[in-house]
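Take a look at the structure below.
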Amino acid sequence: MFNLVIFGPPGSGKGTQSEYIIKKYGLVHLSTGDLLRAEMSSGSELGNKIKKLIDRGELVSDELVQQMVKNFVLKNIDSKGFIFDGFPRTTAQAAWLDDMLAEISQCVTLMLALDVDENELRTRILERGKISGRADDQNVDIINNRIAVYHKQTQPVINFYTAQSKFVLVNGIGSLDDVFARICAAMDKAK
Ligand code: UDP
Ligand code: MG
């Protein structure tokens with residue numbers, strides 16, 4: 001399997017680039033944000049709890065996200081590999097992911113971080129909010145908190161993969177094709 005962690009702050013282009021990667025490499029896309037939003041829109045009790053956290057820009061608990069990830073991986077165990085998009089978001093989740101993959105004799109192949117400056121992130125998120133209707137993309141306070149949560153809880157995940165020599169930083173500014181070409185170069189090197 002080729003298991004890619006696509007990493008970066010909110011609005012860095014993880015979801016968009018994942019679509020290109022799926023087409024070229026045939027990987028299965030696992031976006032925890034998308035899974036959480038699906039649960040949210042089902043209107044379940046769990047979905048309502050998730051909504052409260054997302055509407056504040058806070059993280060959903062490690063346990064809940066990990067359970068979702070495990071279910072998804074086991075359901076797609078015959079795939080060529082996964083793109084983990086938006087996960088792991090904490091170092092505890094990163095350690096858990098290693099253990100879970102080890103149980104199925106797999107590991108993370110590469111962690112690609114998209115590098116985009118904060119002004120550009122804010123512009124992109126607000127633009128996306130106009131189209132997607134996502135409430136957390138339309139409110140400046142929520143966006144600011146998501147970026148703060150990223151710096152505090154998520155950015156340390158870089159150290160985790162750097163220690164395993166799996167971390168590669170990719171310039172996330174430029175045309176979709178340019179960024180994708182950089183991603184392909186990093187992936188082809190890691191294969
Ligand atoms: N979220 C979370 N854990 C995850 C994925 C998402 O808690 O593993 C929540 C968090 O509140 C985040 C929101 O869902 O701000 C949106 O996540 P998504 O990954 O869709 O946003 P992106 O980073 O792609 O802009
Ligand atoms: Mg996303």
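Both counts, for ligands and for their atoms, begin at 1 and track the order of listing. Note that the structure is predicted; figures quoted are calculated from it, not measured. Below, each value reflects all heavy atoms present in this structure, side chains not excepted, and no hydrogens, waters or symmetry copies.
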Can you tell me the protein heavy atom closest to [atom] and the distance?
{"atom": "atom 2 (C) of ligand 1", "result": "L36 CD1, 3.6 Å"}
{"atom": "atom 8 (O) of ligand 1", "result": "T32 OG1, 2.8 Å"}
{"atom": "atom 15 (O) of ligand 1", "result": "R146 NE, 3.5 Å"}
{"atom": "atom 16 (C) of ligand 1", "result": "R134 NH2, 3.4 Å"}
{"atom": "atom 9 (C) of ligand 1", "result": "I54 CG1, 3.8 Å"}
{"atom": "atom 13 (C) of ligand 1", "result": "D136 OD2, 4.0 Å"}
{"atom": "atom 11 (O) of ligand 1", "result": "E58 O, 2.6 Å"}
{"atom": "atom 7 (O) of ligand 1", "result": "V60 N, 2.7 Å"}

Stepwise side-chain contact (heavy atoms from CB on, under 4.5 Å) check, K166 with T109 = CA-CA 7 Å; K166 290 177 179 171; T109 312; over 6 Å; no

Minimum non-hydrogen distance to atom 25 (O) of ligand 1, winning option of R89, K14, R128 = R128

inquiry  = Using a 4.0 Å cut-off to any heavy atom of L59, which atoms of ligand 1 qualify?
reply    = 7 (O)

inquiry  = Using a 4.0 Å cutoff against the non-hydrogen atoms of P10, which atoms of ligand 1 qualify?
reply    = 23 (O), 25 (O)

So, taking the atom named [atom1] in [X] and the one named [atom2] in [Y], what distance separates them when rounded to the nearest 0.5 Å?
{"X": "M100", "Y": "I104", "atom1": "CE", "atom2": "CD1", "answer": "6.0 Å"}
{"X": "R122", "Y": "R146", "atom1": "CZ", "atom2": "CZ", "answer": "11.0 Å"}
{"X": "T123", "Y": "E118", "atom1": "OG1", "atom2": "CD", "answer": "11.5 Å"}

query = Do R128 and D137 meet the salt-bridge criterion of a basic N to acidic O distance under 4.0 Å?
reply = yes

key: Pairing of K51 and E39 as salt bridge, 4.0 angstrom limit   = no

inquiry  = Is it the case that atom CD in E19 sees more than 12 heavy atoms from other parts of the structure closer than 6.0 Å?
reply    = no

So for [X], does at least one of its heavy atoms come nearer than 4.0 angstrom to any atom of ligand 1?
{"X": "Q93", "result": "no"}
{"X": "G11", "result": "yes"}
{"X": "R37", "result": "yes"}

query = Are any of the N/O atoms in G57 less than 3.5 Å from those in ligand 1?
reply = no

ask   = Which part of I125 is near ligand 1, with near meaning a heavy atom under 4.0 Å away: side chain, backbone, both or neither?
value = neither

ask   = Is there a path from V157 to Y150 through hydrophobic residues (I, L, V, M, F, W, Y) whose side chains come within less than 4.5 Å of each other?
value = yes

query = Does T32 reach the side chain of D85, with side-chain heavy atoms less than 4.5 Å apart?
reply = no

task = Could you tell me whether the side chain of Y161 reaches within less than 4.5 Å of the side chain of F7, counting heavy atoms only?
result = no

